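In what follows, chains are A, B, ... by sequence order, proteins preceding strands, each numbered from 1. All values reported here derive from a predicted model rather than from experimental measurement.
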Amino acid sequence: NAGVTQTPKFRVLKTGQSMTLLCAQDMNHEYMYWYRQDPGMGLRLIHYSVGEGTTAKGEVPDGYNVSRLKKQNFLLGLESAAPSQTSVYFCASSYAPTGLNTEAFFGQGTRLTVV
Amino acid sequence: DQQVKQNSPSLSVQEGRISILNCDYTNSMFDYFLWYKKYPAEGPTFLISISSIKDKNEDGRFTVFLNKSAKHLSLHIVPSQPGDSAVYFCAAEGTFGNEKLTFGTGTRLTIIP
């Protein structure tokens, strides 16, 4: 029972490089989310998806793109990495909108450093 | 503009005593509140939640209290155990689930044996 799996766990990028973070869930959840966690800032929502083929902007979407081509996968892309994107990234999923007795299940996180 | 605030970055409590973690919010449209627990190198996990129509919700050693007039909620852990050492995030959600979870900055709880 894997739950939510993020790949990779760690990555160091040079400024200007691109990369894609992969999130996979095996719980048949409709809703998926990408958060970033920074010291003193808590978790902030980057983008989210309410179903296969859909995406929407969250609180801090600039510099990121996402795709949800398959229900179980949610990809987060950085086209041109910047030092300000150094952070820990968490993917989450839920079967319904979070709240209203619906919890979100989180992956273990991806620690990204941009130098 | 931090709509959910956890003003104590850290808290240390003796094992067996009560741990009280506090959270304040500013948006009166929030009506559902959750606590998540996070261990190092792991993702957050759901702990307990409360709806705005209630002022208390209890689950074993964990109790969440909500004071809507003060826009304040607290998480009580009693008795505290070493395994409770973690970062605790308060989160809030708007009406009908159309809004997304807004998280606080977290409080690192350390239980001293």
Side-chain angles (χ1 to χ4, degrees), chain A residues 1-10 21 23-25 27 29-50 55-61 74 87-111, chain B residues 1-10 21 23-27 29-54 57 59 64 66 73 86-108:
Chain A
N1 189 4
V4 179
T5 303
Q6 292 182 228
T7 308
K9 291 185 173 57
F10 304 95
L21 282 68
C23 177
Q25 52 94 5
M27 296 172 282
H29 285 170
E30 290 291 339
Y31 294 75
M32 297 188 75
Y33 314 84
W34 275 107
Y35 290 90
R36 60 179 288 174
Q37 183 194 5
D38 302 292
M41 299 294 290
L43 283 86
R44 292 181 294 169
L45 183 65
I46 304 171
H47 285 280
Y48 64 98
S49 169
V50 301
T55 62
K57 294 180 180 180
E59 181 185 356
V60 288
F74 195 28
S87 187
V88 180
Y89 292 85
F90 289 100
C91 176
S93 71
S94 62
Y95 73 86
T98 50
L100 297 174
N101 293 317
T102 302
E103 67 175 280
F105 294 84
F106 283 81
Q108 78 279 22
T110 296
R111 183 174 294 276
Chain B
D1 179 25
Q2 195 74 26
Q3 297 187 68
V4 179
K5 301 178 183 179
Q6 294 177 256
N7 292 320
S8 298
S10 62
L21 292 86
C23 178
D24 297 297
Y25 62 96
T26 58
N27 189 339
M29 296 303 292
F30 290 142
D31 63 358
Y32 197 71
F33 305 90
L34 306 90
W35 286 92
Y36 278 80
K37 177 180 180 180
K38 184 184 177 306
Y39 291 119
E42 294 184 11
T45 55
F46 172 76
L47 186 60
I48 192 170
S49 63
I50 188 168
S51 167
S52 61
I53 63 174
K54 296 185 176 182
N57 188 28
D59 184 3
V64 57
L66 175 63
L73 64 155
V87 176
Y88 290 79
F89 289 99
C90 172
E93 174 83 34
T95 310
F96 308 123
N98 290 329
E99 301 298 325
K100 302 298 164 283
L101 283 175
T102 300
F103 283 86
T105 53
T107 296
R108 181 178 301 279

Check each atom of [X] against the heavy atoms of chain B and say whether the ones under 4.5 Å are side chain, backbone, both or neither.
X       : answer
A104(A) : both
L45(A)  : side chain
F105(A) : neither
E59(A)  : neither
Y35(A)  : side chain

* Look at the aromatic rings of F90(A) and F106(A) and report parallel, tilted or perpendicular, splitting at 30° and 60°. =>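 Judged by the thresholds at 30° and 60°, the geometry between F90(A) and F106(A) is perpendicular.
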Checklist entry - Taking the six-membered ring for Trp, are F33(B) and F30(B) parallel (under 30°), tilted (30 to 60°) or perpendicular (over 60°)? => result perpendicular
Contact part of Y36(B) toward chain A, heavy-atom cut-off under 4.5 Å: side chain, backbone, both or neither?
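Y36(B) touches chain A through side-chain heavy atoms alone.
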Toward chain A, the part of F89(B) with a non-hydrogen atom under 4.5 Å: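 Side chain only.
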State whether the side chain of [X] and the backbone N or O of [Y] hold a donor-acceptor pair below 3.5 Å, judged by distance alone.
X       : Y       : value
Q6(A)   : G109(A) : yes
T110(A) : P8(A)   : yes
N57(B)  : S49(B)  : yes

Side-chain touch Q108(A)/E42(B), heavy atoms, less than 4.5 angstrom: no
